[in-house]
Structures are given as structure tokens and as C-alpha cells.
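Inspection log for the structure reproduced underneath, given as C-alpha cells.
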Protein chains: 2
Amino acid sequence: MVTIKDLAKESCVSVATVSRVLNSSGYASRDVKRRVLEAAAKLDYKPNEVARALNTSRSNIVGVLVPDITNPYFPKVIRGIEDAAIRNNYRVIIGNTDHDAEKEMKYLEIFRQNNCAGIISATWSVSREHRADSRPLVLLDRVVENHISIESDNLKGGRLQAEHLIESGADKVLVVKGSSDYSSFNNRALGAEESLKAHKTGYDTLPYAHLEQMPDEARENFMLKFGGIICPNDVTACKVLKFLATRNIPVPGRVKVVGYDNLDFSEYVHPGLTTIEQPAYDLGSNAFDLLMALAAGEAVESRIMDVKLIRRQST
Amino acid sequence: MVTIKDLAKESCVSVATVSRVLNSSGYASRDVKRRVLEAAAKLDYKPNEVARALNTSRSNIVGVLVPDITNPYFPKVIRGIEDAAIRNNYRVIIGNTDHDAEKEMKYLEIFRQNNCAGIISATWSVSREHRADSRPLVLLDRVVENHISIESDNLKGGRLQAEHLIESGADKVLVVKGSSDYSSFNNRALGAEESLKAHKTGYDTLPYAHLEQMPDEARENFMLKFGGIICPNDVTACKVLKFLATRNIPVPGRVKVVGYDNLDFSEYVHPGLTTIEQPAYDLGSNAFDLLMALAAGEAVESRIMDVKLIRRQST
DNA sequence: AGATTGTGTGTAAACGTTTACACAGGTGAT
DNA sequence: ATCACCTGTGTAAACGTTTACACACAATCT
């Protein structure tokens, strides 16, 4: 491994000077600068990030916490973070928490042990434990008092879902709910209910978990009471679509279905899934930008990103 | 941050002794052991991984290279790696290479700068550049001479696809090919063709890229020449399914479709996709185990994992 | 002329570990 | 009694950086 010492020897200056030239901090004469830079190029010098992190107590690694990378919503978000990170010469360590507070804490500890520069978290119980830690933190898709967060406009998304169904002529609507642990799911349902009430459209709500455990016969009968179904995300919507197809219930003829997320494969199911697009990738890259601003001590504000309706054949 | 020095002070021994106790290396009296361990518990000491990595020139981070985490096949693999890593007190840094050799090199450099313990790579051009590096390397889903690799049995998978179609009574079969840059895709097609020949079943092959750019009319007519379609992966299969549904071609009545991967959503498309399941998660965790064995200097051999047919309604 | 300021460079400490080496005391064999 | 060896502990160097501090010299100001 070629170190700063090799450069010092090669260019006949001290390591301090080399460091200063490389980081453009402090003074250096034209000639010395040239010599150091040439030596660095000649020896193909790359600074050791570990040594740097040790010295400055701050690595260029950011920790990212997600419930489960296997959930198809997250890869895009992560890719957004990763790309932004690399552009800024940062790396990303991902932790899957499985909604488990203990795993979260374990990862937080790991991030600390690695002198991570900051944390982006899409899971829920962090904030309390995080208080002991002074590392910058950006919350993704969940809002907690006194923390910077970034999310998409879930209320609006919910409203769009409902309005679209109403416009498409659905008489009575079923609002399928996601896990109530997440503010994002709650807000989507809230937005939808708000619109349905405003338009005086009849509706019912039901957590997906309940729907799933109903026997097929009962589930079919229950669903047939509605002309439109609002789902908390596309995965759920696809399961609903699948069920309806299996029971030979025409979509959108008999019942219309609208999802949320606009996952890649929502385009490929049949009928194509009408859904709300959230800018998953941008959510990730903006989260990273916020984190950097935070780390730089800038005044930053939480951000809400816009969503839009994607019309397809399921409505 | 509580350091080894604090422990030394607290338990009235030198830092060297503390380090030895903590790592169970070298001697230590019963009493000293107890005092150090108690101090560590009392102060909630966690070793700083950066300092350790600097000293030993080996961090407990492994680098993972994938083409694109957004490709739905990879999250499972990565999750497998991640879980195995955490179990062994390792962390994972992921790099998306987008099949770009330059990005690969950049990530390899980054891994080096971070004193990474090893590399798991699912991309193609690494091996040549890697030679300068002595870091342990495990190749995933691709085989290269003189490198340890792990993959699923693509030849067998291809055979299973073909045999199943033949059994289901498909007269003539279309083998849709994936990118020829990947040995995995090539082997799948090879296995399929092998079986088709053995059973004297007529077939044709076509890269998916070609299929995709045909006008709808022509594509329909072309597809209707076959009773069965073999796809290189589930994403492709879903696109094909979608096209057939749009053109009102009955599946499996008129044409049967078989995919490869058994992604989560393959169960939720309609009709449910018959496919080959590869153990993505286990591929990942086994890759990590191989890497550890390699790093420990053990003699390890490349591994091939079994695949199996998942029957659903598309055939 | 002397004081002040700006520029350029080196010395050495620090970050938090691990580990080679030295040394001391105890045990058992000769 | 001498030697060898094992056990237990401390000192200090090393890993590759950054940076506080000191110093030297030149230019500018009074």
C-alpha cells in the first residue's frame, strides 16, 4: 500500500505538507504542490479512509436503516441514497431491522463503532434511542418531533386514490389499511377517507391483515360490496388483483383497484395497476442531501415530496 | 466515547492487558479478567472498529458488487449476504455497477481504501482488475477460471423449464434468451436447448431485446407459432404474460409460459407464473460463508446450488 | 529601523486499537 | 542450585492520517 509517507519521500517534503497539499488546507508553494501531485499520480496514491476516519472521528460512511431490503419499495430508495452518496464520495452500510427495536439498536451501535458520518432511517423506534447519539439523522417516510424527515405527500396520495375512484364512478369504496405503526400508511388512509367524506361517498376501512385471513368465500362476498378498492401499497394491490382474478371478478368492470408506490411490476400485472407514484429514488437521494446539509451544520427543514396518479387499466 | 484507556484506568491495568482480555489472546489472571470484564460492562464499552481496522489492516466490512440493486432478483441475495455477515459481526457495503467496468474499478478501489476483508461480486469484469489485489473474492452467479464462485444449477434449471413444457404438451417452444454477457443466462438456454433436442421437440431461440422491439402485430404472430415460451427470468416472463393478456391470447390454453427465479410477485401475477426457483437468499449467505473460509485460508471449492420447478397456472 | 503580517514548511502528537518485546516471579526438572 | 519454561503484566511502537504549534523568511507598514 502506498502511503502519504511514500509521497513525502518521493517529493522531498514532510508528510504534513503532503497532507496539506492533498487536502488543499494551509499554504503550499507552487513548486511543492506540483511535486506532491506528480508523486501522487506517479505512485497512484489513494488515501486510506480508515486512517482518516480514525483521526477525524468521522468516516465517510453513512448508515441506512430499512425494515427489509426485500420489500420491493426499498431498493429504489436505497439506490437513490447510494448514488447520491457515491457522488459525494460517501459509502453506504445498510441494516435490515425487520421492525425489531433490538436490531435497530444493534445497527446504531455498529454505525457508531464505525464512526459513521450520519444515519438515514426508515424504521420507527430509532428516535428514542438515538438521543444519546449526536450523529446527524434523517428520517425517511416517517415523521418524528424534533427530527429532520423526508417523506412523500401521503395525505395527497390518499386523496388522489379516492378522488380517482370517485371520478371513475365507484359507488362504495373499501379502504384497505397498512400497518398502523407507520405514519405513511396512516396518512394515506386519512387522505382517502377525507376525500370520500367530502364527496359523500360511502366507504368502509379494513386492515389488510384482516382481509387476508378471511376465508375465500367470505372475502369474495365482502369485496363485492364495493365498487372500488384502495390499497395501501402496490404489493397489497397485486394480491387483491390476484384474488379477484382467481375468483373471476372482472376488474375494472365489477370492481376497480388502485394501489400505491408504482413499483416496476405494477405495470406488468394484468390489468395494469392504477397507482400513486412516489418518487422513491429522489426520496433517497434527497434524504442524503439533507443529511449532508445537517452534517455541515446548515439549517435544514423537513421536506415533503409530491406524488402523482398513474392511470392504468385496473380502474 | 469510552475507550480501552478508560477500561485500563477503571480496572487498574495497562491497555495491553485490557486488549488481551477482550480478545482472549495471551495470558491474564482470573482476577484481572474479572476486573476488566466488569469495567467493560459497567462503562458499556464497544471497541472502535475503525481503530482496529487501521491497526490490523483489515476491517470487518465486506464489499458486495451487484449490477443494480433495483433488479428484483438481487435484494434477496443481498439480504442473504447481510444476514450471514451480521451473524459473523461483519458489515456490508454495496456497490451498484450498472455493468460498467469503470464503476466496478472505482468500487474495488473504495473497498481497498476501507481495508475491506473481502469481496463478493455478481458482476462480470472484475476478475481481471482484481488480480493486483490479494483480497479474498467470491464470484456470485458467474464462473471465472481460478476464482471461487457460487451459482445455482442453471443448466439443470434450463432443462427443467424445457421438460416441463414438453410434458405439458407444448408442441413447439420459443427459448427467449437473456443477455449473453452472463454465463447464467447462457447456461439456462443451453440446458433448455439440450432437453428440447433430446426430446426432438421443435424450437426457436431469440434474445428478449429483439422480441421487445418487434411491433405488437408481428410479435403476436411470432409468438403464436409456439405452444410454449421459456423465459430467462421472471421479469421477462411477466412482460411476456402481460403482452399475451393484452392481446387476449389465453395462457396456458393457447400458449404456456415458464419463467426463472421465482420472484415474490411471480405468485401474484395472473395466471400465476410457473418458474424455476433458485435459492437466492442461500446463494447470498453461502457466498459469505465461502468468503470467510477463503479469508481464513481454508481450502474451499466453488459451489453449485440446486434449483427446482414451481408449478403454477401459466403452464 | 523595528514591528507586523502573510507565506511556507517541519516536528510531533493525536485518533483507538493490537502486538512485539521485555521482564518478573513461580514451578518443576536436573 | 541451576536451568528451562510457563504465566502474568507493562512499555512502547505501529497502523496512516490530520493538525496544532513552532519556526523561518519575506514583504509591508509605521
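Chain letters run A, B, ... following the sequence lines, proteins first and then strands; every chain starts at 1.
One finds no side-chain N or O of B:Asn48 lying less than 4.0 angstrom from the OP1 or OP2 phosphate oxygen of C:dC15. Phosphate contact (OP1/OP2 of C:dG10, side-chain N/O of A:Ser14, threshold under 4.0 Å): present. B:Thr17 has a side-chain polar atom (N or O) that falls below the 4.0 Å cut-off from OP1 or OP2 of D:dG10.
More than 12 heavy atoms of other shown residues, nucleotides or ligands fall within 6.0 angstrom of atom CD in B:Glu298. Enclosure of atom CD in B:Glu102 is not indicated, since only 12 or fewer non-hydrogen atoms of other residues, nucleotides or ligands lie within 6.0 angstrom.
Contacts of A:Val50 with the nucleic acid, taken as non-hydrogen atoms under 4.0 Å apart, are absent. Backbone-only contact: A:Ala28 has heavy atoms under 4.0 Å from sugar-phosphate atoms and none from a base. Base contact: A:Ser19 has a heavy atom under 4.0 Å from a base atom.
In this structure the side chain of A:Asp181 never reaches within 4.5 angstrom of the side chain of A:His99, judged on heavy atoms. You'll find the side chain of A:Met292 reaches within 4.5 Å of the side chain of A:Tyr90, heavy atoms only.
Nearest-nucleotide positions on DNA chain D for B:Ala16 and B:Asn55 put B:Ala16 closer to the 5' end. Between A:Leu54 and A:Cys12, it is A:Cys12 whose nearest contact on DNA chain C lies nearer the 5' terminus.
Minimum atom distance to the side chain of A:Tyr27 is reached by C:dG6, of the listed C:dG10, C:dG6, D:dC15. Between D:dT18, D:dG8, C:dT18, one nucleotide has an atom nearer to the side chain of B:Ile4 than all others, and that is C:dT18. Of the candidates D:dT18, C:dG10, D:dT9, D:dT9 carries the atom nearest the B:Ser29 side chain, counting heavy atoms from C-beta on. The listed nucleotides are D:dG10, D:dT7, C:dA14; the one nearest the side chain of B:Val13 is D:dG10. Comparing C:dT9, C:dT17, D:dT18 by their nearest atom to the side chain of A:Val32 picks out C:dT9.
When rounded to the nearest whole Å, the span between CZ of B:Arg58 and P of C:dT19 equals 12 Å. Residue B:Arg112 contributes atom CZ, which lies 16 Å from atom C1' of D:dG16 at whole-angstrom precision. One interatomic measurement links the two molecules: CG of A:Asn60 to P of D:dT17, which rounds to 13 Å at whole-angstrom precision. Atom-to-atom, CZ of B:Arg52 to P of C:dC15 comes out at 18 Å; the value is rounded to the nearest Å. Per the geometry, NZ belonging to B:Lys5 stands 15 Å off C1' belonging to D:dG10, to the nearest Å. Across the protein-nucleic acid pair, B:Lys46 atom NZ and C:dT17 atom C1' stand 17 Å apart, rounded to whole Å. Rounding to whole angstrom units, CE of residue B:Met1 and C1' of C:dC15 are separated by 10 Å. Rounded to an integer number of Å, the gap from A:Asn115 CG to C:dC15 P is 13 Å.
With hydrogens and angles left out, the side chain of B:Arg20 and the base of D:dG10 share a donor-acceptor pair within 3.5 Å.
For the atom pair B:Ser19 OG and B:Asn55 CG, the distance stands at 8.5 Å (nearest 0.5 Å).
Salt bridge A:Asp282/A:Arg303: absent, no basic N to carboxylate O contact under 4.0 Å.
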